[in-house]
Amino acid sequence: MNTPSNYEPEYVEGKWQKEWEEKKRFHVKYDKTKKKYYVLIEFPYPSGDGLHVGHLRPYTAMDIITRKRRKEGYNVLFPVGWDAFGLPTENYAIKTQIHPRDVTKRNIARFKAQLKKLGYSFDWSREINTTSPAYYKWTQWIFLKLFEKGLAYKDETYINWCTDCKVGLANEEVVNGVCERCSGKVIRRMKKQWILKITEYAERLIQDLEIVDFIERAKIQQINWIGKSTGMNVVFKTVPHNKEIRVFTTRPDTLFGATYMVLAPEHPVIKELSNEIENKEEIDAYIKKSMEKSDFERVELIKEKTGLEIKGISAINPVNGEKIPVWISDYVLITYGTGAIMAVPGHDTRDWEFAKKFNLPIVEVVKGGDIEKEAYVDIDDGIMVNSGFLNGLKAADAIERISDDLEKQHLGKREVNYKLRDWIFSRQRYWGEPIPLVNCEKCGWVPVPEEDLPVLLPDIENFKPGIDSESPLISISEWVNITCPKCGNRAKRETDTMPQWAGSSWYFLRYTDPDNNQCLADNEKLKYWLPVDWYNGGMEHTTLHLLYSRFWHKFLYDVKVVPVPEPYQKRTSHGMILGENNEKMSKSKGNVINPDDIVNEFGADAVRLYEMFIGDFEKEVPWSQNGLKGCRKYLDRVWSLINLCTGDTEIDADMELLLNKTIKKVSEDIERLKFNTAIASLMTLVNTFHKRNKVTRNEMSIFLQLLNPFAPHITEELWEILDFKGCIEDQSWPRWDENKILEKEVTIAIQVNGKLRGTVLVPHDASQEEAAQLVKQNKNVEKYINDKKIVKEIYIPGKIFNFVVR
RNA sequence: GCGAGAGUGGUGAAAUUGGCAGACACGCUAGACUUAGGAUCUAGUGCCAUACGGCGUAAGGGUUCAAAUCCCUUCUCUCGCACCA
């Protein structure tokens, strides 16, 4: 046997990475005869900063899953690509005058080189790039399908406008009132926008969470974001003019306590009745002021409620015919429900505050609280009072009763409302997919014919946003001005582009058939590979990418482009990696760990191992260079097993137990994302080998196979050095034997009155009597039970023997 | 405010059908080998106590022969949502 002196990761890793690439070891083919498994990571945005140690955590985890699945006999798809449209690149282009295409190319090359150094078993032949015309042709194609089905529409509405990015944002992109990407100030702004009707799918996006295996917190977050509530639209009529104002309420049972109404400032009835309003000037001023505020400013910055009574107008409470005042206030949102509420100050904190401030009447309709002091809101099981025919009923019954009643009288209708809003889809920027529509003076919005796709991004030199914050494309007149595909007359292209979330909404479909130029992916291949079996990604995408792509997928399912209703069968999430100082890694804090540096110093296998050993995969955790050193040290110890490896093939009896336990532990822990404890058990195994100063060939072979998904390079090399047969990649995953995990003799704890007084070795199948005998021989225990009366003996085989004495 | 999750050594953490708390690693201490040590190896390392032993999983209470684990109360932290009617 040749005995290489020292573990040199640089040599070992370079050697095997070359081998894998040359032999196309991880390329995968569509093969119906094999059972498939589709593992997906969130494809990276190739930023100028290069890869981050945070990226490595999910990638390494899923590479481990992938490598294990292959050994389990699956035909595994584990692809990678680039989510490359987006603002950072464009902003960089504005600054440097380098074309975003070139910046993207450069960044991708860097990312790719970095990824390759880590030995991930991606199928690089399926690499995709959202900015390549061959790809975004199909992004545009999907958009046209949405348009064709009426799910994409242009509307002028108030949108969230990021003042830094100079771009409209979707609701999901506004986090804590600021831009999700750049933390810039967000204002309300009226703008014509392309909007996707995601709300049409709200119900199914909730319902179908039941058929997938997502981590609970992801499900809950999506459900909360969609925000379903069931209630009733109740009709109030105005005095004068008998105009209908509808309100949405989840508690129609409290209708007798509705002592006034509040309208959102944008509510249309205000205009309709403007002639009747006695304090019109005041009202107009209030409306004007509200409009200038962002939603965030309305709700966050103004703690004190504001509002005005609309004088000259009142409304009739439909249940008791009482005339109630109508107010206007910006705490009522035009975007939710009907933009008008009935105020029940006795039982709603917001209404109560408002009523107190403006001296409006407060009526108790559910017994139990003290409405003088505060709104009584714990009313789910209360009893109705002051409520006419509802008096004495339980709240739940009252809801049914009054809902029936109002529906009968056509004064109300049961309704479901969602917080989810439609998806503001256009971006006033250059570096995105052009929206493939043409505005014709005669025909209106006309889709670009499918055979003319893709609509290519024209080359431009100035990437700065155009006049009045329009896309820079607006000034490329030869691109904008074309003829209408329908009637041939003059027409203009849409100059807004798609948001970054477009390309990522369907990329996993393209991986199944990345070079297809007839359709987005071949039907048979989609049928074979879908759904994605295991998708791991960041929690920050739960209400963005994850929700958007589920929406697109459901739409594609409805138009029979994809064969399954849900794209991802299983979704898990990793925690963030923080700097050594426990703060988020960032350049400005100077705590960024560069993957290149640590791979060069410690080797990719050590980095991979440490990324997985660092702590609970799902929690955030600070980086520790010493921890990384420890993992490298472990690999050195693994390497030195070469010298302990004997020619024997048998497995010693004591080793058999530990080995089987380790196989079980590693196998199960990988599935549960408990990589840290899987590695701990592999460390214990190596410690045992060293203590025994010997490892047989069969023990070594199993050990190397278990370590292989975590540290693929060193295990391949040792497999070769120790001259094992074939290639380690082709070995099937080791199995454990439950019978061999049973220990013949086990150490059990001896307790007296629940306190530990000793331990004893007993046969694993000892009866209570046998165990009692052995246990009583223990000297220390004797001391505690000798002069006492034994009341009870509790024996849990394999665990504990407890004396209860008095 | 609402929803979800968490709180265990100096540090990252293990242990969840209730059954020996602190596996594994980092750090630290001592020793060995060394010209040297940010290398390697050996031993030790929850706290108090010379010891017998006692105490210990955010705090307090409860259930139980037995609680980090189950129940109640309180506190703290993280994440998401946030006037959603």
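Heavy atoms only: backbone and side chains are in, while hydrogens, waters and symmetry mates are out. Computed from a predicted model, the values in this text were never measured in an experiment. Letters A, B, ... mirror the listed sequences (proteins, then strands); counts begin at 1.
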Q: Please work out which of the three classes, parallel, tilted or perpendicular, describes the rings of A:Tyr610 and A:Trp623, given edges at 30° and 60°.
A: perpendicular
Q: Output yes when A:Glu738 and A:Lys664 qualify as a salt bridge under the 4.0 Å nitrogen-oxygen rule, no when they do not.
A: yes
(Q) Contact list please: residues 755-765 of chain A against RNA chain B, heavy atoms, distance less than 4.0 Å, in numerical order. (A) A:Lys755, A:Leu756, A:Arg757, A:Thr759
Q | A:Gln221 side chain, from C-beta outward: closest of B:A4, B:G12, B:G80 | A | B:G80
Q. Using a cut-off of 4.0 Å on non-hydrogen atoms, how would the nucleic acid contact of A:Asp351 be classed: base, sugar-phosphate, or nothing?
A. nothing
Q | Geometric class of the A:Phe801/A:Phe803 ring pair [parallel <30°, tilted 30-60°, perpendicular >60°] | A | tilted
Q. Considering only the P atoms, how many Å lie between B:A23 and B:G37, rounded to the nearest integer?
A. 30 Å
Q.
Check this for me: does any side-chain nitrogen of one of A:Glu415 and A:Arg246 sit under 4.0 Å from a carboxylate oxygen of the other?
A. no
Q.
Quick check: on RNA chain B, is the nucleotide nearest A:Thr249 upstream (toward 5') of the one nearest A:Ala749, or the reverse? Name the residue that is more 5'.
A. A:Ala749
Q | Sugar-phosphate only, base, or nothing, as touched by A:Thr349 at under 4.0 Å among non-hydrogen atoms | A | nothing
Give every pair of a protein N or O atom and an N or O atom of nucleotides 63-72 of chain B that lie under 3.5 Å apart, one pair per line with the distance.
| unit_1 | atom_1 | unit_2 | atom_2 | d |
| --- | --- | --- | --- | --- |
| B:C65 | O2' | A:Asn802 | ND2 | 3.3 |
| B:C65 | O2 | A:Asn802 | ND2 | 2.6 |

(Q) Regarding B:C83, can its base be found pairing with the side chain of A:Lys305 as donor and acceptor, where the two atoms are less than 3.5 Å apart? (A) yes
